[in-house]
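Index from 1, following the sequence. Whatever order the structure lists ligands and atoms in, that order sets their numbers, starting from 1.
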Amino acid sequence: MSEARLSLAILISGRGSNMLAIADSCDRGGIGARVACVASDRIDAAGLVAARGRGLEAFALAPAAFGSREAFEDALAERLDAARPDLVVLAGFMRILGPGFVAHYRGRMLNIHPSLLPKFKGLHTHRRALEAGELAHGCSIHLVTDELDGGPVVLQGRVAVRPDDDEASLSARVQAIEHILYPRVIGWIASGRLASREGRPWFDGRALDGPLVEEFDGTGFH
Ligand code: GAR
């Protein structure tokens, strides 16, 4: 049974709340996937402790220990490949990945970004959305390409920005929907509903022209 499940390598840099939400969904058996390993570029990532605490294989590789970005990424890919992942899941992995690494996992690497892409690529997305006076904000799950936060988006979750929102409150609502939507997309891949063909996402047998969008109410839940 377990061998038939989609095998995931999850990359984190911090808290790992998305990684844990995915691991929970795997454990509940609803998404047809299993976590093969958790990797971090930060030895002090809190998510590593949490992953090990629930019996997952988890390791860190510090980029500073390598002579170049390529050397770090080659070593990371070697460790990941030893776990034989079907899918590489970037879940708060805060390093820009080079073209060699991206090419190695082309079509089988996902990222989650805390904005409604193409808005607010990069960092501090919640603050920037507030400063821009956005009425809606959210998260995007996309295939990874060479362009930072630029690959085709599969699914977006949208929340309304409230007049009294600050960075913390908006971030908390967006994270709540990330934890719902990231496992869902992985489940679609595991079941064959979603696939990458020639760099484009296909969903239920047709190419996606744009992202699927799910609206959430102000609480972060439907
Ligand atoms: C998540 O909100 C994710 O969208 C964001 O980092 C957070 C990680 O939280 N990712 C990015 O900003 C990538 N550009 P977590 O460690 O608790 O899952």
Note: [X]-[Y] ion pair, threshold 4.0 Å (strictly below):
X: Glu57; Y: Arg52; result: no
X: Asp149; Y: Lys119; result: no
X: Glu147; Y: Lys121; result: yes
X: Glu73; Y: Arg69; result: yes

Per the under 4.0 Å non-hydrogen criterion, ligand 1 touches Arg15, Gly16, Ser17, Asn18, Gly92, Met94, Ile112, His113, Pro114, Gln175, Glu178
For Asp44, all residues meeting side chain to side chain contact (heavy atoms under 4.5 Å, CB included), sequence neighbours excluded: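 Side chain to side chain contact (heavy atoms under 4.5 Å, CB included) check on Asp44 returns Arg42.
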Going through the distances and angles, do Asp27 and Arg54 end up as a salt bridge (Lys or Arg N to Asp or Glu O under 4.0 Å)? CA-CA 11 Å; Asp27 287 353; Arg54 57 189 298 156; 2.6 Å; yes
